[in-house]
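Let me begin by presenting the structure, written as structure tokens, before commenting on it.
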Amino acid sequence: MAMRITVVGPGAMGVFFGVRLARAGAQVNFLDHRPGRAAHLDQNGVFLETLEGEEIHLPLKASADPALALAGADLALICVKAYQTEGIARLLAPHLAAGARALTLQNGVGNVEALVAALGPERVLGGTTSEGIIGLGQGRARHAGRGLTNLGPAQGEVDGFCRELAALFTAAGFATQAVAGVQNLIWTKLVVNVSINALTAILGVPNGRMLEIAPAVEVMEAAMNEALAVGQALGVEFLHPDMPAAVHEVGRRTAANRSSMLQDLGHQRRTEVEYINGAVVRAGAELGLAAPVNQTLTRLVLALEQAGR
């Protein structure tokens with residue numbers, strides 16, 4: 001029987017994963033907190049532009065009613081912004097079936113914890129993805145760069161559900177692994193996001209262009225080193241033995257991608273900087289480790305938000 005997946009949040013990431021998973025055989029629908037957009041998607045479907053230039057249109061269902069959207073779901077795939085996760089977790093609790101799971105592939109720190117607080121650790125999966133995705137408006141997204149996707153249980157060892165889900169993601173064309181130690185996954189991606197997102201947002205350039213600007217690379221590496229130091233102090237086992245090389249490789253693989261933080265500023269939306277660079281600052285402060293570069297990057301992005309760029 002096909003896995004039934006409710007994608008929570010039909011933004012760029014939600015559309016991208018929803019389309020790819022549906023084409024791999026999953027039964028996919030969307031839960032959207034905006035009734036107007038939900039009605040538009042329900043009527044018109046969603047569209048994904050592939051790296052090869054193909055436009056895929058799928059008539060997937062969407063609803064703003066959590067009871068309707070989550071009915072019968074095996075998995076809720078959380079694709080909202082990090083600052084929305086706590087509210088979404090409370091929304092899921094009364095509507096997600098007892099045997100169903102929630103998976104977060106979101107940016108930043110704190111998403112797994114918010115879901116665990118509402119659902120319990122046995123029902124939560126965490127993970128990361130470095131796929132590059134650009135939003136093109138209601139129900140439309142463009143794939144901008146291939147990456148790696150990892151997922152695993154909030155606590156404990158990889159089980160049969162995790163392996164089945166990883167196999168589905170692999171069938172959908174994602175380079176996917178199911179692994180234990182979800183905080184290792186999250187902090188590995190956090191270091192990548194800390195290094196790339198805020199700087200590309202401030203400079204207003206795609207990922208690859210930033211790597212061509214020598215002073216920007218110096219700032220990027222300083223922010224990265226702060227995040228690595230904090231993660232190591234927390235006992236994180238990073239997935240890549242050479243994290244600086246991994247960060248540069250992600251930047252090259254997603255060279256044409258405009259980071260989600262850059263897209264948010266362009267649309268005058270709140271960014272996730274407080275859950276990315278700001279998370280490094282807060283975790284460092286608890287450990288007695290200063291993170292002045294990440295603090296400055298956080299303040300600059302917040303200033304750009306308030307300036308309405």
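Looking at H57, its side chain does come within 3.5 Å of a backbone N or O of N44 through a donor-acceptor pair. Looking only at distances, a side-chain donor or acceptor of R253 sits under 3.5 Å from a matching main-chain atom of R146. Using modelled atom types, one side-chain atom of N294 and one backbone atom of A223 make a donor-acceptor pair closer than 3.5 Å. Of the possible polar contacts, one joining the E226 side chain to the V293 backbone as a donor-acceptor pair under 3.5 Å is found. Put simply, the side chain of T188 gets close to the backbone of L239: a donor and an acceptor are under 3.5 Å apart. Of the possible polar contacts, none joining the D32 side chain to the A64 backbone as a donor-acceptor pair under 3.5 Å is found. Between the H95 side chain and the A97 main chain, no donor and acceptor come within less than 3.5 Å of each other. No side-chain donor-acceptor contact under 3.5 Å links N207 to the backbone of G251. Side chain of N184 to backbone of E237: a donor-acceptor contact under 3.5 angstrom is found. Between the side chain of K81 and the backbone N or O of T271, no donor-acceptor pair lies under 3.5 Å.
Closest of all the heavy-atom pairs between A100 and A73 is CB-O, 3.3 Å. The two residues V80 and G9 come nearest to each other via the heavy atoms CG1-CA, 4.1 Å. Summarising the geometry of C79 relative to V7, their closest heavy-atom pair is SG-CG1, 4.0 Å, with the distance given to 0.1 Å. Taking every heavy atom of both residues into account, A180 and G156 meet most closely at CB-O, 3.8 Å. Nearest heavy atom pair, residue L125 against residue P153, reads CD2-CA, 3.7 Å. A2 and D74 make their closest contact through O-OD2, 4.1 Å (heavy atoms, listed as atom of the first residue, atom of the second, distance).
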| request: Quick one: do T298 and N277 satisfy side chain to side chain donor-acceptor pair (under 3.5 Å)? Show the steps, please. | output: CA-CA 6 Å; T298 302; N277 303 80; 5.1 Å; no
| request: Go through the steps to decide whether L96 and L119 satisfy the test side chain to side chain contact (heavy atoms under 4.5 Å, CB included), and finish with yes or no. | output: CA-CA 9 Å; L96 194 62; L119 302 173; 4.3 Å; yes
| said: Could you go through V217 and E221, starting from their C-alpha distance and side-chain angles, then the distance that decides it, and tell me whether this counts as side chain to side chain contact (heavy atoms under 4.5 Å, CB included)? | reply: CA-CA 6 Å; V217 173; E221 292 179 344; 3.7 Å; yes
| said: Evaluate V28 against L77 for side chain to side chain contact (heavy atoms under 4.5 Å, CB included), listing each step before the verdict. | reply: CA-CA 10 Å; V28 175; L77 177 57; over 6 Å; no
| Derivation of the side chain to side chain contact (heavy atoms under 4.5 Å, CB included) call for V247 and H240 | CA-CA 10 Å; V247 168; H240 307 289; over 6 Å; no
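Residues Y275 and I202 fall into different hydrophobic clusters, defined by Ile, Leu, Val, Met, Phe, Trp and Tyr side chains chained together at heavy-atom separations under 4.5 Å. Linking ILVMFWY residues whenever their side-chain heavy atoms come closer than 4.5 Å, directly or via other members, places L304 and M220 in the same cluster. Both F238 and V280 belong to a single network of hydrophobic side chains, linked directly or stepwise wherever heavy atoms of I, L, V, M, F, W or Y lie under 4.5 Å apart. Cluster membership check: V236 shares its hydrophobic cluster with V179, using side-chain heavy-atom separations under 4.5 Å among Ile, Leu, Val, Met, Phe, Trp and Tyr. Hydrophobic clustering, with ILVMFWY side chains joined whenever heavy atoms are under 4.5 angstrom apart, keeps I134 apart from V46.
Within a 6.0 Å radius of CD in E86, no more than 12 heavy atoms belonging to other residues, nucleotides or ligands are found. The number of heavy-atom neighbours closer than 6.0 Å to CZ of R270, taken from other residues, nucleotides and ligands shown, is above 12. E55 CD: more than 12 foreign heavy atoms inside a 6.0 Å radius. Residue E249 qualifies as enclosed at atom CD: its count of foreign heavy atoms under 6.0 Å is above 12. Around CD of Q43, the count of heavy atoms belonging to other residues, nucleotides or ligands within 6.0 Å does not exceed 12. Within a 6.0 Å sphere centred on CD of Q232, other residues, nucleotides and ligands contribute more than 12 heavy atoms.
Using a 4.5 Å heavy-atom threshold, the side chains of N197 and S260 count as touching. Considering only heavy atoms from C-beta on, Q27 stays 4.5 Å or farther from K61 through its side chain. N193 is not listed as a side-chain neighbour of M261, based on a closest heavy-atom distance of 4.5 Å or more. Taking the side chain as every heavy atom from C-beta outward, W187 and V230 approach each other to under 4.5 Å. Between V205 and E212, the closest side-chain pair of non-hydrogen atoms is not below 4.5 Å. At least one side-chain heavy atom of F169 sits less than 4.5 Å from a side-chain heavy atom of L105. Within the 4.5 Å cutoff, side-chain heavy atoms of V158 are placed close to those of R163. Residues E305 and L265 meet the side-chain proximity criterion, which asks for heavy atoms closer than 4.5 Å.
Q183 and E113 share a donor-acceptor pair across their side chains, judged by distance under 3.5 Å alone. No donor-acceptor contact under 3.5 angstrom links the side chains of E54 and H143, judged on distance only.
Separating the OG1 atom in T200 from the CG atom in N257 is a distance of 8.5 Å, to the nearest 0.5 Å. In this structure, the separation between CG on L136 and CG on L48 is 9.0 Å, given to the nearest 0.5 Å. Separating the CG atom in L31 from the CG atom in L70 is a distance of 5.5 Å, to the nearest 0.5 Å. Here the OG1-CG distance, from T129 to L148, works out to 8.0 Å after rounding to the nearest 0.5 Å. Atom CG of L21 and atom CG of L168 lie 5.0 Å apart (nearest 0.5 Å). Interatomic distance, M3 CE to F161 CZ, rounded to the nearest 0.5 Å: 4.0 Å.
The aromatic rings of F16 and F174 sit perpendicular, their planes meeting at an angle over 60°, well past the 30° parallel limit.
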